[in-house]
There are 2 protein chains.
Amino acid sequence: MPPPRRRATITDVAAAAGVAASTVSRAFTRPGRVNHATQARIMEVAAELGYAPNPAARALESGRTNTLALVVPDVTNPYFAGVIKGAERATATAGLTLVIADAQENPATEEQIVTRLGPAVDGFVLTASRLPDDALRRAAELNAVVLVNRAAPGLACIVSDFDTGARQIVDHLASLGHRALVYLGGPAESWSGARRWAGLRAAAQQAGMGATRFGPYTPTFASGPAAADAVLAAGATAVVAHNDILAIGVMTRLADRGVVVPDQVSVVGFDDIFGSDFCHPPLTTLAERTEDAGARAVETLVALGPAGRADRDVAPRVLPTQLVVRRSSGLAVS
Amino acid sequence: MPPPRRRATITDVAAAAGVAASTVSRAFTRPGRVNHATQARIMEVAAELGYAPNPAARALESGRTNTLALVVPDVTNPYFAGVIKGAERATATAGLTLVIADAQENPATEEQIVTRLGPAVDGFVLTASRLPDDALRRAAELNAVVLVNRAAPGLACIVSDFDTGARQIVDHLASLGHRALVYLGGPAESWSGARRWAGLRAAAQQAGMGATRFGPYTPTFASGPAAADAVLAAGATAVVAHNDILAIGVMTRLADRGVVVPDQVSVVGFDDIFGSDFCHPPLTTLAERTEDAGARAVETLVALGPAGRADRDVAPRVLPTQLVVRRSSGLAVS
DNA sequence: CGTCACGTGGCAAGCGTTTGCCATTTTTGC
DNA sequence: GCAAAAATGGCAAACGCTTGCCACGTGACG
């Protein structure tokens, strides 16, 4: 095994090519600025030496790191997979590097991430942030920040159209003859959870349907039994869960208790995650354009620039949602 | 909106606390080295100014970035969620930062990631790397590298025990009366795919069972129909898929064609991903300790040090697997 | 009371790059 | 051919931090 090779620096390349370091630097950053022949020679030598510019040194001088951070509450949650994918794609297109950080559903962890990573990145995409408004404002003073599925005064954000989405769900259930619905709420700090419930309640009222909120439940498979039992105890015929994972957990418990979905209870979720098409029965759910959301967020961040000058419109960009009707929703029991 | 505030530097803190910059630096990096009272004052001032050390500057001096990179072929693939989670946890424990990069199942992209990110990180965890051995060796000359579910001469790696796992699968199927199995192969470059097939074939031979490989298939839901149709055409009673996603895709197609799993065909997957417990029917699959793998990989990387001195044993660390029997496997049709 | 060790803090160099400024050479326009 | 302008490349400072080295002051020891 060869000794750990020292990485070639710009000076090494300069020496080998017989030019000054500054010329090498320009060859990489301002291609037009140096003579064509010199440029070619430098590039050749650089390739030969395996030279790659040191990002740390670059960042130090310019203050720009060409790195964006995406913070999600839980990387293993398939809901965020789409956001990650979209952000990843948009970042690559912009020629930047993306760092993904896991806040572990914990505001303190999230704040720590923002503090520690702050100087190392040009901006943050905070997805479903659990941080209070003033913490977000503070973060936005030091870094460009774009929110996804969370709104805060003065900050750019990308949100799904939960109002229309909720109306679609309610209309769907109403058209199946349901007269009331139960909403299984997610975490209390969840902004999107609040929006979902607000949308459902408003739409239900407009449609003359009853709407009750249960919970909060942690939106995991494991919360399914508690939620399902509560639904059965209440005698509900239609239940809308905070998200698909919870919905699937509920359906699993209902099956265990011999309750047939959708014949006896209709179940609707939010997110259309991986798995909602092959669970049993396949889940009716409100699909969000998560990949778009991630991509849009990064694009907005790039447009904002590292200073985070939000002089432009900070009006929320609203992404459409779409109700995917599968087999978990059916006619109300008469 | 306030003007974009300049980030406080170590000099600002030093000035505000009435000490030299070096003292502030030491207060952060060598707590015992400065007077207790001075230390306290510095910390207080630092907190007040919202100071956080600039990682780029730190990295420049020390050559260490305190950042590790985890490269996965596809972040949205739930199989890698466990690896990510485990790596994330171990990295946090070690007080480091983790960067996750998506190679998009593309060797060229993977190589580019390693090149571009190389100077910015202290080491790489390459998961299911598609890179050829010599590219891996080159990468390992410049950075510490640990492989997950991939082996290469001279490099540290964490692998699942596919030999034992394959034997468990074969024994299970044999005990259900199956006399032969069909393996639905994954991508040709997949190292773990090769190991899976090798293990299955060896175990089948030992058990006196037939074993045939079909494919390769891209391991996605969408490949299910093609694979399922091939299985039916061959009249197989037991099928083992390269991974759970493919297995679920196959089961979906089988259901569409009116074939009952497991009564007519038994299906077994690899990975035990999110969803394999609630698909229909729940999938029998070989569970790997993916979270452990991620954590172990990071720990190994940390132990290696930034120089990547693999003087120590580079023997593969083998992680046990476990067969999770659910309802997709049953008695062979007689 | 002198010597020594130790605790504590400052100075300054250096990490690899970028960039403003200047000097030199080449090109252009007349 | 000459002056002016453009092209090209070098010098050196700066980015924020770490760290080897040194200086100073204090307490311990003989």
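Throughout, protein chains are lettered first and strands after them, A, B, ... in sequence-line order, and every chain is numbered starting at 1.
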[X] side chain, from C-beta outward: closest of [options]:
X	options	answer
N35(A)	dT18(D), dG16(D), dT8(D)	dT8(D)
S25(B)	dT18(C), dG10(C), dT19(D)	dT19(D)
R33(A)	dC21(D), dT19(D), dT8(D)	dT8(D)
V19(A)	dT18(D), dG9(C), dG10(D)	dG10(D)

Inset, instruction - Select from A21(A) and V34(B) the residue whose nearest nucleotide in DNA chain C is closer to the 5' end of that strand. - result: V34(B)

Inset, instruction - State plainly whether the residues E111(A) and R138(A) are in salt-bridge range, i.e. N to O under 4.0 Å. - result: yes

Legend entry - Lys/Arg N to Asp/Glu carboxylate O, R89(B) vs E299(B), below 4.0 Å: no

Could you give the [atom1]-to-[atom2] distance, from [X] to [N], as a whole number of Å?
X	N	atom1	atom2	result
N54(B)	dG16(C)	CG	C1'	14 Å
L60(A)	dT17(C)	CG	P	12 Å
D12(B)	dG16(D)	CG	C1'	10 Å
E61(B)	dC15(C)	CD	C1'	5 Å
R64(A)	dA14(D)	CZ	P	23 Å
I42(A)	dG9(D)	CD1	C1'	10 Å
R7(A)	dC15(C)	CZ	C1'	15 Å

Inset, instruction - Say whether, by atom type as modelled, one donor and one acceptor occur between the side chain of N149(B) and the main chain of S160(B) under 3.5 angstrom. - result: yes

Inset, instruction - Look at the side chain of R150(A) and the backbone N and O of S129(A), then say whether any donor-acceptor pair between them is shorter than 3.5 Å. - result: yes

Legend entry - Distance below 4.0 Å between R30(B) side-chain N/O and dT19(D) OP1 or OP2: yes

Inset, instruction - Output yes when at least one side-chain N/O atom of R58(B) is less than 4.0 Å from OP1 or OP2 of dC17(D), else no. - result: no

Please classify the nucleic acid contact of [X] as base, sugar-phosphate, or nothing, using heavy-atom distances under 4.0 Å.
X	result
F28(B)	nothing
P53(A)	sugar-phosphate
S22(B)	base
A57(B)	base

Inset, instruction - Classify the side-chain pair N143(A)/R7(B) by whether it contains a donor and acceptor separated by less than 3.5 Å. - result: yes

Inset, instruction - Record whether the side chain of R26(B) comes under 3.5 Å of the base of dG10(C) through a donor-acceptor pair of N or O atoms. - result: yes

